[in-house]
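Heavy atoms only: backbone and side chains are in, while hydrogens, waters and symmetry mates are out. Residue numbers begin at 1 in each chain, while the letters A, B, ... track the order of the sequences.
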Amino acid sequence: MISDSASIGQEGKRVFSLSEITASIERMFSKYYASPYWIRAELSKLNHYPQSGHCYPDLVERQEGKIKAQLRGVIWRDELFEIARKFEEVTREPFREGISIMFLAYVKFTSEYGLSLQIIDIEPLYTLGELAREKMETISRLKKEGIFNSNRLLELPLLPKRLAVISAQTSKGYSDLMITLENNPWGYRFNTRLFHALLQGDGAVDSIRKQLGIIRDNQEQFDAVLIIRGGGDEIGMACYDNYLLARDVACFPLPVITGIGHSTNETVVEMVAGINKITPTDVAHFLIGCFRSFSDRIKAAEQMLLPGVMVVLETNAARFNTLSGSLLNLVKNTLREESDLVEQQALVVREATNVAVFNHRIALSRYESGLTMRPAQILGSHRATLLEQQKMLGLTTRYLVSNQLKEIGTVDSRVKLLDPVGVLKRGFTITRLKGRGIAPGNLPDPGDLLETESASGKFISVVSEKKSI
Amino acid sequence: MSKSITYTQAIAELETIVSEIENASIGVDELSEKVKRAAELIRFCRNKLTSTEKEVNSILKSIEDENDE
Amino acid sequence: MSKSITYTQAIAELETIVSEIENASIGVDELSEKVKRAAELIRFCRNKLTSTEKEVNSILKSIEDENDE
Amino acid sequence: MSKSITYTQAIAELETIVSEIENASIGVDELSEKVKRAAELIRFCRNKLTSTEKEVNSILKSIEDENDE
Amino acid sequence: MSKSITYTQAIAELETIVSEIENASIGVDELSEKVKRAAELIRFCRNKLTSTEKEVNSILKSIEDENDE
Amino acid sequence: MSKSITYTQAIAELETIVSEIENASIGVDELSEKVKRAAELIRFCRNKLTSTEKEVNSILKSIEDENDE
Amino acid sequence: MSKSITYTQAIAELETIVSEIENASIGVDELSEKVKRAAELIRFCRNKLTSTEKEVNSILKSIEDENDE
């Protein structure tokens with residue numbers, strides 16, 4: 001391949017000039033690499049020269065962090081413009097360093113510049129896929145490390161008043177934030193401190209991470225960190241899918257509030273941030289809203305306080321009014337009941353007394369009737385007794401007299417029976433001697449003159465004979 | 001007969017007489033005498049009884065009459 | 001008859017007299033006298049009873065009258 | 001009758017008398033006296049009752065009148 | 001009546017008296033006295049109730065008046 | 001009334017008194033005293049409520065006024 | 001009010017007080033005190049909304065210096 005025109009050097013050695021060599025290589029490359037190739041590589045450095053408008057990117061392929069291959073590329077001004085436009089249009093990222101790209105390039109070798117890949121076209125969909133893949137990797141890594149939700153779990157103070165704002169002073173987003181915060185109609189006061197940082201594209205990750213580091217060292221001075229971006233185009237957001245930045249945000253000890261203003265996919269940083277609002281104005285409204293809700297709570301407490309107090313007072317007033325009311329009624333009832341009791345007792349006294357008197361009267365009248373009946377009976381029985389005695393007197397007296405009469409009669413008849421007159425009447429006679437009856441001592445001797453008395457008269461006779469018995 | 005004799009004495013005397021008479025120890029001469037006496041006594045007693053009866057009846061009658069009043 | 005005699009005594013005496021008459025322990029001589037006495041006693045008792053009755057009735061009447069007042 | 005007698009004593013005495021009369025343990029001689037005494041006691045008791053009733057009624061009336069005031 | 005008696009004591013005594021009267025354990029002699037005492041007690045109780053009512057009303061009135069102020 | 005009593009104690013005591021009166025465990029003798037005490041408590045409670053209301057209103061007013069500034 | 005209280009504690013305490021009052025778990029005795037405290041807390045919280053934290057600013061200065069390096 002080396003041309004014959006090459007000169008012979010000292011000691012018989014064949015020596016070529018550099019151009020001879022490069023020319024030879026150039027011929028070889030143009031022969032073997034005549035058509036362009038689709039190549040994928042990482043765009044490590046862009047090396048854009050604004051004056052010429054050309055770009056001489058460093059292209060590398062890494063394996064496990066180490067460079068496996070690297071080659072210089074070149075994009076001429078005209079192609080660069082077209083490539084960048086097409087890239088940005090599809091990926092919404094600037095054509096910048098640190099991204100993987102798939103491009104169409106000639107493998108060129110020139111004597112002047114050596115080996116390079118002349119990039120003439122790009123396939124942005126590849127990069128888009130790569131970015132998406134990186135984003136997915138970032139997410140899954142954060143999740144795997146268990147820190148994906150860390151910042152979101154932090155509690156935002158009720159009044160996020162002391163705010164570390166990571167933004168660019170000149171950005172519209174920062175300005176929107178500050179104007180909205182300061183012009184709140186309620187006079188809420190926010191203490192903000194701007195931490196200047198690049199917010200997109202190359203350098204944004206490092207810049208933001210550096211400021212986060214400073215804030216972390218002073219974390220007790222702040223209530224929250226705001227990452228504010230806005231006003232520009234929505235190009236170059238891929239930095240917010242960066243693992244390192246996302247990890248810093250996720251692990252940040254203060255709640256991170258993002259307002260990085262875009263309307264497409266949520267970035268990982270926004271996902272892991274404690275609170276994500278789209279625009280800086282939203283962030284400001286959110287913060288004011290926190291104050292509002294705090295204020296509302298105070299107001300609510302304040303408004304509830306008076307009715308609550310009134311209810312307590314009214315309840316108590318009602319309670320003791322009821323008590324005093326029932327006191328009155330109870331006392332009246334008690335007195336009425338007692339009065340009824342007393343009057344009832346009075347009635348009972350009256351009745352009982354009347355009953356007692358009546359009963360005594362009954363008892364008395366019982367004695368009285370006992371008294372009235374008996375004396376007549378007693379006297380009657382005495383009268384009867386007396387009458388009986390009287391009758392007895394008559395009977396006995398009469399009996400006595402008649403008895404005596406009867407006895408006298410008996411005696412009379414006995415006497416009459418023995419009366420000599422009676423004997424004489426039956427034919428017996430009495431013979432007397434010398435006037436005396438015949439008896440021993442007065443016995444007649446013959447011759448004596450005897451006088452015989454009979455019922456019919458007296459006879460005188462003489463005793464003729466005396467006979468012994 | 002003496003007025004001073006009582007019915008009781010009269011009865012007593014009468015009983016003595018009757019008893020004497022009945023004992024037959026009395027002679028006919030006395031007998032007549034005794035009988036005479038006895039008759040006297042009997043008469044006395046009868047009179048006494050009759051008068052007493054009248055008196056008593058009169059008293060009793062008066063009480064009974066009062067009773068009926 | 002003595003005024004100092006009581007109804008009880010009078011009745012007792014009366015009963016004694018009646019009993020004596022019944023038992024014939026009273027002679028005919030006293031009989032009239034006794035009956036007279038008995039009659040007196042009866043009369044006394046009767047009066048006593050009557051007067052007592054009147055008195056009692058009067059008393060009771062007065063109580064009753066008072067009661068009706 | 002002594003003024004010092006109480007109603008209760010009067011009733012007791014009355015009871016005794018009535019009981020005596022009822023049991024006929026009182027003779028005719030005392031009867032009148034007893035009845036008289038009993039009448040006195042009844043009268044006493046009656047008066048006592050009446051006066052008590054009046055007194056009590058007057059007292060109770062006064063209470064009632066007060067009540068109506 | 002002793003001033004030192006309380007309403008409660010008065011009512012108790014009153015009830016005792018009433019019960020005694022009802023059970024007829026009080027004789028006529030004491031009745032009047034007891035009724036007099038009962039009347040006194042009733043009067044006492046009534047006065048006590050009236051005065052208490054007045055007092056209480058005055059107290060409660062004063063509270064109400066204050067309330068209306 | 002002791003100054004050291006609280007509203008809560010006062011209401012509790014008041015309720016006790018009312019309940020005692022309701023249960024008739026207070027006699028007429030004590031009633032007046034108890035009502036007096038109850039009145040004191042009511043007055044105390046009322047004053048306490050009134051003063052509290054004033055105080056509270058003044059505090060709440062001051063907050064509102066500040067709010068309007 | 002203790003200086004060491006934070007507004008977070010303050011609002012919590014305020015809301016606790018309000019809730020206690022609403023639930024009527026606060027008696028009249030404490031009410032005034034509680035309302036006073038609530039007023040203090042309201043004032044404190046209100047100030048917090050509009051006040052600036054000077055000491056923070058001074059510390060921020062030093063950060064700025066660092067930042068500019």
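If you measure heavy-atom distances from C/Ile11 to chain A, the contacts under 4.5 Å come from the side chain alone. Looking at A/Gln404, only its side chain comes within 4.5 Å of chain C, counting heavy atoms on both sides. Both the backbone and the side chain of C/Thr50 have a heavy atom closer than 4.5 Å to some heavy atom of chain A. Heavy atoms of C/Leu31 lying under 4.5 Å from chain A belong exclusively to its side chain. With a threshold of 4.5 angstrom between heavy atoms, C/Val28 approaches chain A through side-chain atoms but not through N, CA, C or O.
Contact residues of residues 393-403 of chain A toward chain C are A/Leu393, A/Thr396, A/Thr397, A/Leu400, A/Val401 (heavy-atom distance under 4.5 Å).
Contact annotation: the side chain of A/Leu386 approaches that of C/Leu14 to within less than 4.5 Å [non-hydrogen atoms, C-beta and beyond].
A distance of 8.5 Å separates CD1 of C/Ile42 from CG of A/Leu387, quoted to the nearest 0.5 Å. Atom NZ of C/Lys48 and atom CZ of A/Arg383 lie 13.0 Å apart (nearest 0.5 Å). The CG atom of A/Leu379 sits 9.0 Å away from atom OG of C/Ser51, with the distance rounded to the nearest 0.5 Å. Within the model, atoms OG of A/Ser369 and CG of C/Leu60 stand 11.0 Å from one another, a figure rounded to the nearest 0.5 Å.
Under the rule for a ring-ring contact (aromatic ring centres under 6.0 Å, His included), the partners of C/Tyr7 that lie at least two apart in sequence or sit in another chain are A/His382.
Residue pairs meeting the salt bridge (Lys or Arg N to Asp or Glu O under 4.0 Å) criterion with at least one member in residues 17-32 of chain C, sequence neighbours excluded, are C/Glu20-C/Lys34. Among pairs with a residue in residues 351-376 of chain A, those fulfilling salt bridge (Lys or Arg N to Asp or Glu O under 4.0 Å) read A/Arg361-D/Glu53, A/Glu368-D/Arg46, at least two apart in sequence or across chains.
No other option in C/Val56, C/Ile59, C/Val35 has as many heavy-atom pairs under 4.5 Å with chain A as C/Val35.
Counting heavy atoms of neighbouring residues, nucleotides and ligands inside a 6.0 Å radius, atom NZ of A/Lys391 does not exceed 12 of them. In this structure, A/Glu388 places its CD atom where only 12 or fewer heavy-atom neighbours from other residues, nucleotides or ligands lie under 6.0 Å away.
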